[in-house]
Amino acid sequence: QDLTPVNVLLPIPEGIAFTPMIVARENGIFADAGIDVSTSVADGSGYLSQQIVAGHSQFALMGAADAVVSFTKRDDVRVLFCNQVKNVYRIVAKADAGIGSMAELQGKSLGYTEPGGGESKLVSAAIDEAGLVVNDTIRLVPIGSAGPQSLVALQNDTVQAYSSSFPDVAALAAAGIEWVDITPAKYSNVPGACMVTTEQVLATDEGMAAATALTSAWVQGQYYSIENRAEAFELVCSTIESACENEVAAEALFAEAMNLITPPEGHRPGELTPSSWQTVVEILASSDTVPADLDIMPLISGEHVEAVIAAAYAGR
Amino acid sequence: MTQSLWYRIGLPVGVFVIFVAIWQILSVTGTLNPVTFPSPLEITIAFGELVTRGYFWDATRITLLETLLGFIIGAALGLVIGALTGTFRTFRTAFYPFVVAFQNTPRVALAPIFLTWFGFGITSKVVMAAVICFFPVVINTVAGIAGVDENAKTLFRSLGASKAQTFFRLTLPGASAMAFAGIKTALTLALLGAIVGEFVGASEGLGVLIKELNFQLEVAMGFAVVIFLAVIGLVLYGLIELLEKRLITWARD
Amino acid sequence: MTQSLWYRIGLPVGVFVIFVAIWQILSVTGTLNPVTFPSPLEITIAFGELVTRGYFWDATRITLLETLLGFIIGAALGLVIGALTGTFRTFRTAFYPFVVAFQNTPRVALAPIFLTWFGFGITSKVVMAAVICFFPVVINTVAGIAGVDENAKTLFRSLGASKAQTFFRLTLPGASAMAFAGIKTALTLALLGAIVGEFVGASEGLGVLIKELNFQLEVAMGFAVVIFLAVIGLVLYGLIELLEKRLITWARD
Amino acid sequence: MTQKDSIAVTGEAITLTGVSKTYMTASGALPVLRDIDLHIEAGQFVSFVGPSGCGKSTLLNIIAGLVSYDTGTVTVGGQPPREGRDDIGFMLQKSVLMPWLNVSKNIELPFIIARRRGADTAQRVTDLLELVGLSDYATMNSWELSGGMQQRVALARALALDPGVMLMDEPFSALDEFKREHLNIEVAHMSERFGKTTILVTHSISEAVLMSDRIIALGANPGRMVGDITVDLERPRRPEMIGSDRFQQISNEVRAALSQGMEESQ
Amino acid sequence: MTQKDSIAVTGEAITLTGVSKTYMTASGALPVLRDIDLHIEAGQFVSFVGPSGCGKSTLLNIIAGLVSYDTGTVTVGGQPPREGRDDIGFMLQKSVLMPWLNVSKNIELPFIIARRRGADTAQRVTDLLELVGLSDYATMNSWELSGGMQQRVALARALALDPGVMLMDEPFSALDEFKREHLNIEVAHMSERFGKTTILVTHSISEAVLMSDRIIALGANPGRMVGDITVDLERPRRPEMIGSDRFQQISNEVRAALSQGMEESQ
Ligand SMILES: Nc1ncnc2c1ncn2[C@@H]1O[C@H](COP(=O)(O)OP(=O)(O)OP(=O)(O)O)[C@@H](O)[C@H]1O
Ligand SMILES: Nc1ncnc2c1ncn2[C@@H]1O[C@H](COP(=O)(O)OP(=O)(O)OP(=O)(O)O)[C@@H](O)[C@H]1O
Ligand SMILES: [Mg+2]
Ligand SMILES: [Mg+2]
């Protein structure tokens, strides 16, 4: 039978972070649901939100912050589920720096990937909350994602702490940096990368069918990955060889990826929780990117979204 | 005073060997941080591993495809626009200022816009490559046409040649040596454009691979890819020079 | 056949106005998606807002600083290396192949490496700008020196000029017109290098601003910055042309 | 109209009556030629000499139909001149061979442009190559030839369509004096042999005397005829004539006409 | 040693004995000059004529000290030649003025290179400008001058250090015949006036006859002297002499010597 092609935009190339998707594809879950999923990649979520808002693309997996910004530009933007239900961004200190909390970053340098983007908003919110002032009581240095330059910056003490998404933290850990996680607890349940679409898509039968198939197959991929870690890892590494060039890093990353898709007790993988989305709004509002009184509910609910979710978790 | 072949080849090779040797020694003695500056030996070994990986060759194929498509489109368009600009005064007056203005824009700044316009497939990288290699071809074609011998033009007029005859039998071959110099630059630039495009957003290609290897802190492999790109650049340059020698048989000096 | 000034300025301006008008109409009628392709009016308004923002001028200052520092360093080094290469045969034989090879490497691929070597401040962007604008200066300086009139060299020999006299009174001024052509290209390339550097990793600058505006989906403002960069490119080009006219007073055509 | 299989004798007469020409330049009107009346008989060899900028090339270009004129009439073989008339052959100062064509292709060019390439063209090219003594060089690249050989190819090309009229604008100026004399004699012979009407523009008085039946001296500002000297040396011309008394007399006549013209201009 | 405030008479004798020169080229040894014996008296004006490539420039360069020789001896004013001797002035085929220097700075160049610029240099440059008739053009850009004016600047520059010997390698080849004759006469006059020893390399026989006291004809492969003709025309030379019988006789003698030389070469 003919499979319906579905294209999903990703903010980084396919890899370990997208294990549930790769499982769903390789194990035929997408095919069983009647879809054939392909991906396109841009460097960061910003480009993805543009495509969604412009109506050029139907589905994009993007950071929660980007999803909220998109929602402020186009009010029929909808989120179906999240790939990770926990915060993908981390603020970590080097274990030997004697830093145990955000407040102890006083007088220190904090590395982060780059200005612009959801991560930098979270960092500023966290710094604000800790009562620190950038360029005064704390220094911010854009050291990029994991790579030789960030490793060296940490090794030679250019920065004592680092904020980035979990794959970077894991990769640097695998390279020998020992971390203390100082991410404020209130941010720990901020959703990670989530599947975004629009009411315009969901209003059509085909769009609704694609959304339902995509969501249920992806969620099944999440269940499978959580329950069969070893097989899932094996599958990802054999599918995307280049991602496992460094085995130690790959394993560390996989462990962390699994941790983030595994929901807290009593929740389902990929589930949308209003309170965690409210946190995202607070973070963005603290830097005046979105209004503080933004009503987030339409983004994550509504007749169509609920119908998709109901179908996705049927029987779970 | 003519230098012997031995000297002309031996000297640069010697310099290269000494350079690599010093680098290796500095690496072994730990003067160079292996994270930021892997040793030549490590890079060689990493390259040896890389060539056994299927994904490396897939990435190479993609990047080459983007480069060549971008080059062909950009160079072809450049030739056409250059020919129009060089041939028609009004066209030149009307559009050439924009060509020059556009050439002075830092075109990397356009990469994200291309991504938006042309999507996330290879098209946006091809467009980036094409845009970046378009200008040298236009500019050299225009210069080449301007440089066509006035006497030869008079000769063609005296023979009563039609516009088309003059264009195809005089202007085109007369401008070709100059235009080819632009085309040579363009090919190298196309590779650059493809890599820039991949850096900004792509799922495959050597630019993506560099990022991926950096992320995994496989620094030596990352270096190996960069050096491999340099070699690709040189090989492409060599090939286009060969082609030039075959096509523009009459160019001297 | 000489074209009037009116024609030479009027025609491109006319083309520009028509182009912008069509763009605006396509935007208003909704043919162009306002998110990916804002209208000229929106871009103008966005630019109007942008110039009132302090951060915009900070970013401009940073990018210009990187560009100019990179340009000065790159062009100066290019002149020195070019002069050495053009003057000393052995130097040329030994090192020029590497200059050419390096010029054929897609240098963006080096941006992350520079970040590692030169840190996260403006140094790595300055280096990127310098590296990218170094080569045209070297190549043109070498070509300029090679092009110094053989007869003039004989004249200097017959006058018994010393090496230094020949260099400063003949080679240098004789090669300067050609070298300056390289310097002109270099300035535009320096801007490109600075933006590439900022894209790969920086906390300030117009490249960073483009990314930030992109995240906030302030597309019109993003476009405004890109167009502003184009204008900067043109202004820098104009300034260096003015300087050229003042310095190389004897260049004709 | 013209025979194609051999080099035919097809001289045509040239008549100019009251020809004037003014160029419009950025700095105003520049009168270049004033009231030129000139009749050249079929088969005559005429040289134009005169100071630089006096309008020699302009006059030749008018006869070739390459430049328009303001007043007067011009006829070549009874017809007004225009570009692409295949009974007029034009040879420029530089040999301007196309470097991307070999020697015989260069000679073939006029046939291609005139869309007259046919079964007999190859034979015609062979004949021409033989005529200029380059049979062995047919497939050489044109830039591999010496300057003198290039001039001969240009000559063959100008003769390709067997024109009744040959117009030559300083065709030998790129050669040194020794090579030049040699080629002068060759061209003079060719012209004697085929009786073509020939106009030669030159800066060299001895070249003009050596080759021509008649020399037109021009003065400048604006260009006008200041002398019309008949050269009654016997034909065929030989290099030894250069030293002869008659040769010197004629040279001095030309020189005198030119000096006269220059004084009038000042 | 030399007077600096006026143009002095300082001719020097030149003697070559058994001079040979072979160039080592990629395709083997190329003998260029064989056994040249030549004595030029102080104040004599000598021309070298001969076919292209026969070694005229090489010989001149040897005398200027710009090219080494294999055997024999050369003296200029009793001293072996070398680069930078300020009693030897060199003038090339092209006027090679530095475009970044104005006219008087171009003339000043030899003083700067020889580190001899002093208080009197400005006066000397003024004198030279007057001598070549360019007083009004001192501050012009050199590329704004006509070809003939540029040649005169080059001449002034060659005279700047008041050399006893002037060596000129085809200095007028870029000019048309009319301008050329004019400048020939001027240079001949200058040489007559100051009695400098002068060697002129030229392709033009009439130029050689018009200017020289003596003409050396060279033959090729390898370069050797094939004629040594004395020019006994009265001084000062005038353009009208070109038409005279004696002028033609001498020209023919030179021509004959050259033909002879060419035949021997083949
Ligand atoms: N296309 C043109 N537009 C304006 N002026 C022109 C043009 N062509 C020639 N002239 C001017 O007309 C005059 C005569 O030019 P022409 O080329 O006929 O002289 P000439 O006698 O052939 O000179 P030469 O011996 O230097 O070749 C010159 O003053 C020249 O500047
Ligand atoms: N530097 C050199 N190396 C090798 N061969 C040379 C060199 N300079 C000149 N020759 C050769 O020496 C011969 C004589 O050259 P020269 O320049 O002296 O001739 P010329 O008589 O001045 O010719 P022309 O009249 O063309 O100026 C030529 O065959 C030339 O190719
Ligand atoms: Mg002319
Ligand atoms: Mg010579």
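Computed from a prediction, not measured in an experiment: that's the story for all the values here. Chain naming here is simple, since letters A, B, ... match the order of the sequence lines and numbering starts at 1 in each.
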Validation row: [X], [Y] side chains within 4.5 angstrom (heavy atoms):
X	Y	result
D/P81	D/I63	no
B/Q103	B/V99	no
B/E198	B/M128	no

Please look at D/L92 and chain B and tell me whether the side chain, the backbone, both or neither of the residue comes under 4.5 angstrom of a heavy atom of that chain. side chain
Proximal component of D/R157, with respect to chain B [non-hydrogen, under 4.5 Å]: side chain
Gap between atom CG of B/L229 and atom CD1 of B/I195 - 0.5 Å precision: 4.5 Å
Top contributor to chain B interface from D/I112, D/L101, D/I113 [non-hydrogen pairs under 4.5 Å]: D/I113
Do any of residues 130-158 of chain B come closer than 4.5 Å to chain D, heavy atom to heavy atom, and if so which ones, in number order? B/D149, B/N151, B/A152, B/T154, B/L155, B/F156, B/R157, B/S158
Going by ring-ring contact (aromatic ring centres under 6.0 Å, His included), name the pairs with one or both residues in residues 51-101 of chain D, residues two or more places apart or in two chains. B/W250-D/W100
Strictly below 4.0 Å, N to O, side chains only: are D/R124 and D/D127 in salt-bridge contact? no
Can a salt bridge be assigned to the pair D/D162 and D/K196 using a cut-off of 4.0 Å between side-chain N and carboxylate O? yes
With a cut-off of 3.5 Å and sequence neighbours excluded, list every side-chain donor-acceptor pair involving residues 169-183 of chain B.
unit_1 : atom_1 : unit_2 : atom_2 : d
B/T171 : OG1    : B/T166 : O      : 3.3
B/S176 : OG     : B/P173 : O      : 2.6

Would one find more than 12 heavy atoms of other residues, nucleotides or ligands at under 6.0 Å from atom CD of B/E241? yes
For the CZ atom on B/F98, are there more than 12 heavy atoms of other groups (residues, nucleotides or ligands in this structure) within a distance under 6.0 Å? yes
With a 4.5 Å heavy-atom cut-off (strictly below), which parts of residues 70-79 of chain D touch chain B? List them by number. none
Plane angle bin for B/F228 and B/F47 - parallel if under 30°, tilted between 30 and 60°, otherwise perpendicular: tilted
